Amino acid sequence: MLSVAVLISGTGSNLRALLEAANDPAYPARVVAVGADRDAAGLAHADEFGIPGFVVPFREYTSREEWAEELGRRLDELQPDLIVLSGLMRLLPAALVARWQPRIINTHPAFLPEFPGAHGVRDALAAGVPETGASVIVVDDGVDTGPILAQERIPVLPGDTEETLHDRIKPVERRLLIDVVRRIATGDIDLARSSRQPA
Ligand code: GAR
């Protein structure tokens, strides 16, 4: 059984989908903890599913490194097999990434390497592209530059706003995330191998 720690910043709708999937005894992964960089609304999902939640409040630390040191301590205590960044809107410092690489994965609301960063949906809309997408990647020390584990195209529709487009992207992200975590758990995806060569 693969143990998974999930890190969030926001509403945690993708986290919730993973919690629901992991509730099925046949699913080969379990969420063991949910961490956040703020008092994120999504922590309520963890609560509802009886999963411990914790907050390492970014704003209470004087540097990203100090914040990440405490976050790293919490993760070391938990010793998860996998860390899922599910809407964590903070960059992890290289030292923390190096400690866990390649066992941190991230969901992103664009077809990487297109539109990396914090505003993947907004940037795709602003660029006027006819389609964007959703991706699940291995985290490396760049911004959304790690090996791609799964991705899918999603059309941009006339009249789309950031919200309507993001609302159509998220269900695809959820499906990809649940599938990637399952495939990591069953050994169908070998993260070490994926990180040595493009997927
Ligand atoms: C998701 O679309 C996720 O891919 C995105 O934040 C959203 C979180 O939604 N992450 C990033 O943009 C990271 N660069 P949720 O809180 O409802 O799951």
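Atoms within each ligand, like the ligands themselves, are counted from 1 in listed order. Just so you know, these numbers come straight off a predicted model, no measurement behind them. Residue numbers run from 1 in the order of the sequence given.
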Without placing hydrogens or testing angles, list every side-chain donor-acceptor pair under 3.5 Å for residues 130-139, not counting sequence neighbours.
residue, atom, partner, partner atom, Å
Ser135, OG, Ala110, O, 2.6
Ser135, OG, Leu112, N, 3.0
Ser135, OG, Gln151, NE2, 3.1

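For Asp141 (side chain) and Ala94 (main-chain N/O), no donor-acceptor pair under 3.5 Å exists by modelled atom type. Under a 3.5 Å cut-off, the side chain of Thr186 and the backbone N or O of Arg182 do form a donor-acceptor pair.
Near ligand 1, Gly10, Thr11, Gly12, Ser13, Asn14, Gly87, Met89, Thr107, His108, Pro109, Gly117, His166, Lys170, Glu173 each place a heavy atom less than 4.0 angstrom from the ligand.
With sequence neighbours excluded, no residue forms a salt bridge (Lys or Arg N to Asp or Glu O under 4.0 Å) with Arg64.
No salt bridge links Glu173 with Lys170; every basic N to acidic carboxylate O contact stays at or beyond 4.0 Å.
Each salt bridge (charged side-chain N to carboxylate O under 4.0 Å, His left out) pair with one or both residues in residues 24-48, not counting sequence neighbours, appears once here: Arg16-Glu48, Asp37-Arg90.
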